[in-house]
Amino acid sequence: MIVILKNNITPKEKDKIINVLEDRGFIIKEIKGQQDTVLGAVGMAQMDLREIEVLPGVASVIPISKPYKLASRELKKEDTIVTVGRNKVKIGGNRVVIIAGPCAVESREQIMEIAASVREAGAVILRGGAFKPRTSPYSFQGLGEEGLKYLREAGDTYTMPVCTEVVSPRDVEMMTKYIDMFQIGARNMQNFELLKEVGKTGMPVLLKRGMSATIEEWLMAAEYLMANGTDQIVLCERGIRTYEKATRNTLDCSAIPVVQKLTHLPVIGDPSHATGIRDLVSPMALALVASGAHGIAVEVHNHPEKALSDGPQSLFPQQFEKLVRDVQTLCPVVGKSLETRPRIIPKNITDDSANAATILTGERVVAFQGERGAFSELATRRAFGEDVKVLPLPTFRSCFEAVQTGNAEYAVLPVENTLGGTIYDNLDLLQTHPGITVVGEQQVRVIHNLIVNPGTRFEDIRRVYSHPQGLAQCKEFLEKYLPDVQQVPFFDTAGSVSYIKKEKEMDSAAIAGAPAAAYNEMEILREGIETNPKNYTRFYIITREEHAESFKKGIQSNTASVLFTLNDEPGALSRILDVLSSRKHNMSKLESRPIQGRPWEYSFFVEIWFDDEEYAHETFRMLSKVAAQFRVLGVYRRNH
Ligand code: PEP
Ligand code: MN
């Protein structure tokens with residue numbers, strides 16, 4: 001059952017509830033959500049829910065209808081984010097994570113070489129089997145503990161956590177010394193003694209779907225792990241046994257969205273074991289990402305023809321590199337971003353500095369403009385992780401002020417939308433806040449939804465609220481399906497959702513992103529109603545200059561945003577452009593803005609691409625000589 005606690009519950013009241021439930025033999029799990037705190041109580045005991053409902057501090061009690069309890073979405077509405085290894089690679093939510101490596105660790109040289117190449121291409125977790133559950137007893141069985149040592153060394157050298165298969169309960173303890181994530185293979189998905197032993201470690205687990213397991217059986221296996229002590233589980237669809245022989249297994253992509261409805265646990269896909277054929281791996285990997293998978297696990301080998309296991313399905317390193325680029329391109333289409341690490345690993349990099357660069361923990365406060373659930377919050381969580389502390393503020397200016405005064409360390413602000421164009425306010429604010437610099441960018445695909453109070457039907461709608469941009473971007477849908485309703489412009493999209501909720505308007509809808517519906521517990525009646533699906537917004541991540549280096553440590557910058565003014569004379573702008581062209585910089589944006597207080601004078605805003613930061617600084621020196629005034633607003637990494 002799920003016990004929803006009142007917001008003003010006292011610690012004593014909570015202890016009392018826990019005691020009553022534990023006395024009846026329930027295992028209790030406390031889950032703190034964005035809105036409220038709940039206790040999940042699971043066990044064999046039967047109990048009249050009303051006995052709990054009457055206890056002080058209880059808001060309500062809901063039975064869990066599914067046989068899996070701790071794993072069920074009913075118990076926990078928010079996505080679980082699994083954190084793997086010392087460098088805290090995260091899986092779940094809006095990220096796509098890439099796990100790669102050979103089927104088996106074959107030698108120290110082999111795993112080191114493959115680790116280097118998959119890391120360079122963009123993998124964030126290293127895989128490799130040391131215990132191989134082979135169909136034939138005469139096939140290579142893996143290097144055992146020796147293989148684990150090599151895997152650990154490769155993971156440490158290339159700052160990737162390592163994941164490997166466990167096949168026997170007696171190896172579990174020994175393996176905890178070497179690895180960051182256990183893999184339960186398809187053949188062992190229902191090896192309950194193994195699940196119990198692995199669950200007890202509390203460590204992250206990659207739980208593969210059994211070859212002929214139903215989704216429910218798979219989730220029951222996850223429940224075994226959870227009931228025994230770990231909640232760090234990543235499900236992995238790896239193909240199921242069907243009558244089809246053209247592929248090794250049949251990849252069940254539809255399992256991905258089905259599972260996501262049923263459980264809060266992240267789910268990834270393994271196109272290598274699903275297909276068994278190298279040429280099918282990349283297309284199926286993309287299909288998995290398109291299906292909403294939180295990542296892929298792919299077999300890669302430096303010499304697949306010599307591989308001791310699964311050579312025919314292992315990608316060549318170059319194929320893997322191309323796949324990562326394709327996945328990266330696909331991510332924004334499905335509203336996700338690729339979990340990345342710096343591409344070039346500086347020499348002697350420590351884990352901590354790698355973390356500072358890419359894995360930002362929940363300690364920082366990041367401001368954004370708008371209400372909870374706004375697209376800006378989505379961008380913030382994508383850039384900083386789900387557990388970051390957010391500070392929603394009413395205006396862009398208040399975000400700049402929060403960063404300046406130290407109330408927030410960073411702010412995430414929109415600068416450009418592919419349909420609406422530049423958001424000038426933020427460029428102007430950058431101009432008037434010289435101590436603040438751009439350190440990063442985040443792109444988000446804007447997907448609009450028609451959101452209503454639960455119970456409102458499509459035919460009840462008389463009014464639609466949204467930001468004017470939201471209304472404009474859904475013009476075709478509104479004209480076609482809701483031609484007679486009143487369109488009410490609102491100051492922001494997420495705000496329009498909380499407004500119709502607060503006013504209990506049962507004959508109104510709001511247009512906003514899915515997080516606004518989730519945050520306000522409202523219903524999405526129609527998804528993706530925007531006229532043009534190629535609707536992306538770019539956000540700048542800004543901070544005070546003194547924090548810039550710690551944010552960017554280990555990240556290779558490739559873009560600069562600069563601002564300049566010109567002397568009022570013929571050819572002034574072309575001299576700037578000459579510098580950029582002779583130094584072969586691509587220029588992705590050129591805007592002119594009126595200078596406040598100086599009528600008919602303009603400043604120019606340009607984004608410049610570069611490969612080498614030193615070279616770019618030389619360009620800046622040259623530009624500052626030909627411009628009247630010149631300022632670098634920020635140097636950061638952009639995903640071109
Ligand atoms: C593996 O990942 O190497 C493996 C054996 O996978 P599965 O258990 O999915 O067959
Ligand atoms: Mn394999």
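Order of appearance sets the numbers: ligands from 1, and atoms from 1 within every ligand.
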If the cut-off is 4.0 Å to any non-hydrogen atom of [X], which atoms of ligand 1 fall inside it?
X    : result
G185 : 8 (O)
R187 : 7 (P), 8 (O), 10 (O)
E299 : 3 (O)

How far is [atom] from the closest protein heavy atom, and which atom is that?
atom                    : value
atom 6 (O) of ligand 1  : K208 NZ, 2.9 Å
atom 4 (C) of ligand 1  : H273 NE2, 3.4 Å
atom 5 (C) of ligand 1  : E165 OE1, 3.6 Å
atom 10 (O) of ligand 1 : R238 NH2, 2.7 Å

Quiz item: Would you say Q183 touches ligand 1, if touching means a heavy atom closer than 4.0 Å?
Solution: yes
Quiz item: Closer than 4.0 angstrom: is that true for some heavy atom of K132 and an atom of ligand 1?
Solution: yes
Exercise. Mind checking the CD1-OH spacing from I447 to Y536? Nearest 0.5 Å is all I need.
Key: 8.5 Å
Exercise. Please determine, by modelled atom types, if T159 and R119 share a side-chain donor-acceptor pair under 3.5 angstrom.
Key: yes
Exercise. Test salt bridge (charged side-chain N to carboxylate O under 4.0 Å, His left out) on D310 and K132 and set out the steps.
Key: CA-CA 11 Å; D310 288 348; K132 296 305 301 175; 5.5 Å; no
Quiz prompt | Sub-6.0 Å ring centroid separation between F375 and H448 | solution = yes
Quiz item: What's the atom name of the N, O or S in E299 nearest to the Mn ion (ligand 2)?
Solution: OE2
Quiz prompt | Residue D310 atom name (nearest to the Mn ion (ligand 2); N/O/S) | solution = OD2
Quiz prompt | D270 and its side chain to side chain donor-acceptor pair (under 3.5 Å) partner, picked from K208, R209, R127 | solution = K208
Quiz prompt | Sole candidate of V96, L265, V267, V234 that passes side-chain contact (heavy atoms from CB on, under 4.5 Å) when paired with I91 | solution = V234
Self-check item: Contact check, side chains of R238 and L251, non-hydrogen atoms, under 4.5 Å
Solution: no
Exercise. Flag yes if more than 12 heavy atoms outside E145 fall under 6.0 Å of its CD atom; otherwise flag no.
Key: yes
Quiz item: For A186, is at least one N or O under 3.5 Å away from an N or O on ligand 1?
Solution: yes
